[in-house]
There are 2 protein chains.
Amino acid sequence: MATIRDVAREAGVSIATVSRVYNQTSLVSEPTVLHVRAVAARMDYWPNGAARSLITNRTNALGVLLPDLYGEFFSEVIRGIDLAARREKYQVLVSSSHSDTEALVAAVRSMRGRIDGLVAMAPDAHSAAAIRGFTRNFPVVLLEPGLEVGECGAISLDNYSGALEMGRHLLGLGHRGIATIRGPLGNVDAEERLRGFLAAFEEAEVPFNESLVIQGDFTESSGFLCAELLLKHRPRPTAVFAANDCMAIGLISALRDAGLRVPQDLAVTGFDDIAIAHYMSPPLTTVRVDAYELGDRAVRQLVPLARGTKGAQCTHEIVPTSLVVRASCGSNQVRSAEAARRRPGGRVMGGEASADIPDAGPREMPS
Amino acid sequence: MATIRDVAREAGVSIATVSRVYNQTSLVSEPTVLHVRAVAARMDYWPNGAARSLITNRTNALGVLLPDLYGEFFSEVIRGIDLAARREKYQVLVSSSHSDTEALVAAVRSMRGRIDGLVAMAPDAHSAAAIRGFTRNFPVVLLEPGLEVGECGAISLDNYSGALEMGRHLLGLGHRGIATIRGPLGNVDAEERLRGFLAAFEEAEVPFNESLVIQGDFTESSGFLCAELLLKHRPRPTAVFAANDCMAIGLISALRDAGLRVPQDLAVTGFDDIAIAHYMSPPLTTVRVDAYELGDRAVRQLVPLARGTKGAQCTHEIVPTSLVVRASCGSNQVRSAEAARRRPGGRVMGGEASADIPDAGPREMPS
DNA sequence: CCCCGGCATGTAATCGTTTACATCGCACCG
DNA sequence: CGGTGCGATGTAAACGATTACATGCCGGGG
């Protein structure tokens, strides 16, 4: 592969001139620029990124650390990150699926010297601390961090408000025997969603039966398995709020197997508004979270820090969530319309999937 | 940030010794290793990746070029790539959403010197040529390339066979008025799926009415819009094969709006087996493609090339696809069972979504 | 006519590593 | 007791770029 020296020799100029052509062209005379460019093109030359970042101490790359890549949520996060990064002329170095803190530390270490900033999602407080420890004086934006964020930026989803709204909605429909399937202990999202949900009861001064908090782990299968516990409970609850859509889907399958109708016998709601939620029968009442926005905002905040722009500040941003009322909660049309009026983003569904006109955006799905 | 020189000074050894500790530890005495490691840990030192790759000419990173990141398909491809790369101790530099060949070339250029190999998916022949032109003597594996692959590796989905099977299946159900919604012109997947589908007719010596090939573009909205053309056609077709699930979903929505029942009035099938296909009502008969496998195999083939392992060969691998019979094609139970026996991977569905037990894998969806 | 300033270009130091080669000391053997 | 060989460590030359500084040229003003 041709180096700057080869091009310089071939073009009959010094390496400084070639370098300048690729950096501050203004300092080189027009004919020289043209000549060098032509020679470089012929030799298939392009500046070596590693050498460049060694001397400039800038890599034009951002690191991304995610706990996993599976599923729609992460897919959207990374899409948000990628598009924002591309817009800002940054490349993206991803690393995911860190089984433990050890692996995560290794990943952030091996990014040393290859990135100008880091977007990281730490599934638990332990790894969040590890990331922060390894990145002193280094631009970092955390996604969905635990409570205390140190000296780095952070973007959170408004899990609390979303769950609060969901609680209000179910109470507003007249439900009193309400259960919830919570997410894993220690998971920030899970805790916040539970906290927000319970707040709705407090607000309405309706007592909440603690035995109706069922432990799930965000997987579809855990939702499926929770059905048994739920149906054994007496009096049987009339509504269930699952802390994410996957568990809601698993639960609904199990309920059907048990011969129960949703929402007539038991109302079910979720959280996340994944694509399937919209197409299920009955369509799932849920809380929309904008994962794309999460990634996009993270990069927006990170880039000035990475560039060393003076005045760039770390802040803690909150991405809003919104209740999406569909049929699975047993809400009637009037209620749905009300909900839609309050929250412009919410799609409104009749009792039947066919009533919902599909998204007709410019999104492509080339395979 | 501490450099190797700082650590050497602090530990009272030469930089060579420090370097050796991080590379071939065997050449350094045990006490020295321990000492250097301790000092390095205290100073928060880790070798700078850029400097390292400059001298070794290896980056331990692979580049990934995708046309987009939206949707389940790409999400899975990238997950396959990421996991395989992590297994092989490679990092992943992604770049997607290249609107045109120009942007794509810029992306591959800027990866120069930062990666040891490239996995690229070129949406059309034009950009495939661009990628190959810019990567002479450089390890490349193309995903879903056009017909002719040069001197680089390639992984394709068996679109042809999947579509052929789908054609056989619909013909086997007794359908004769069959339409298809094809994907974009020039798109490799689209062409192959159409070719395979038509081959089924040829094989069965059933004539295919060319006016029943409708142009779609792989989006849900295009499927929705195709309904009109389809329903205008006389005699009205009894079955439609959409070249991907998104279009099938759009089509089904439109048919419902028109008051038609699927599959009784019109059978609909898709291609891809995205997650939603499984949960729709009726569940969608489709062809499963394993996007994860596509990414995984690409990296598996690329790594030896990137490592310069002698004997590493470029090959053209084909990832199999399989028919998944569900309710949307009007197949009865017997037929479904037959299909399942022939193809172990296929899920079997009764006439109702509830009959399908959800995947209960270890997959997590932490938010 | 000479000097000065500015523009175009060249020279060389530098970034943080790896690694071939040199050096050094020690144990072993003759 | 001296030479030899080897294991541990040091010295210094790369790697491919950027950029401060030096140089050289040319035109204009005193």
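This structure is a prediction, so every number in the text was calculated from the model and none was measured. Every chain is numbered from 1, with letters handed out A, B, ... down the list of sequences.
One atom, CZ of A:Arg20, and another, P of D:dT19, lie 10 Å apart when rounded to the nearest Å. Put simply, CD1 on B:Ile55 is 7 Å from C1' on C:dT17, counting in whole angstrom units. As rounded to whole Å, 16 Å separates atom C1' of D:dC15 from atom CZ of B:Arg114.
When each of D:dA17, C:dG10, C:dT18 is scored by its nearest atom to the side-chain atoms of B:Ser19, the top-ranked nucleotide is C:dT18. Comparing C:dT19, C:dG10, D:dG10 by their closest approach to the side chain of A:Val13 singles out C:dG10.
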Starting from the C-alpha separation in whole Å, work towards a yes-or-no answer on side chain to side chain contact (heavy atoms under 4.5 Å, CB included) for A:Val36 and A:Glu10.
CA-CA 9 Å; A:Val36 169; A:Glu10 192 76 7; over 6 Å; no

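The residue among B:Leu54 and B:Gly12 whose nearest nucleotide of DNA chain D is located toward the 5' end is B:Gly12.
A close approach under 4.0 Å does occur between a side-chain nitrogen or oxygen of A:Ser29 and OP1 or OP2 of C:dT9. Taking only side-chain nitrogens and oxygens, B:Ser53 never comes nearer than 4.0 Å to OP1 or OP2 of C:dT17. For C:dT18, the OP1/OP2 oxygens have a side-chain nitrogen or oxygen of B:Asn23 closer than 4.0 Å. When the side-chain nitrogen and oxygen atoms of B:Gln24 are compared with OP1 and OP2 of C:dT18, none of them lie within a distance under 4.0 Å. The phosphate of C:dG10 has OP1 or OP2 within less than 4.0 Å of a side-chain N or O from A:Ser14.
Nucleic acid contact class of B:Thr32 (heavy atoms, under 4.0 Å, all strands): sugar-phosphate only. Within the 4.0 angstrom heavy-atom criterion, no nucleotide atom of any strand lies near A:Val18. No engagement by A:Glu30 is indicated, since no non-hydrogen atom pair under 4.0 Å with the nucleic acid exists. Within the 4.0 angstrom heavy-atom criterion, no nucleotide atom of any strand lies near B:Tyr22.
Considering only heavy atoms from C-beta on, A:Arg86 comes within 4.5 Å of B:Ser95 through its side chain.
For the side chain to side chain donor-acceptor pair (under 3.5 Å) test with B:Gln301, the passing option among B:Glu317, B:Gln313, B:His316 is B:Glu317; the others fail.
In this structure, A:Tyr45 has its ring center under 6.0 Å from that of A:Tyr22.
Side-chain polar atoms of A:Asp82 and B:Ser96 form a donor-acceptor pair below 3.5 angstrom.
In terms of polar N and O atoms assigned as donor or acceptor, the side chain of A:Arg112 never comes within less than 3.5 Å of the base of C:dG16 in a complementary pairing.
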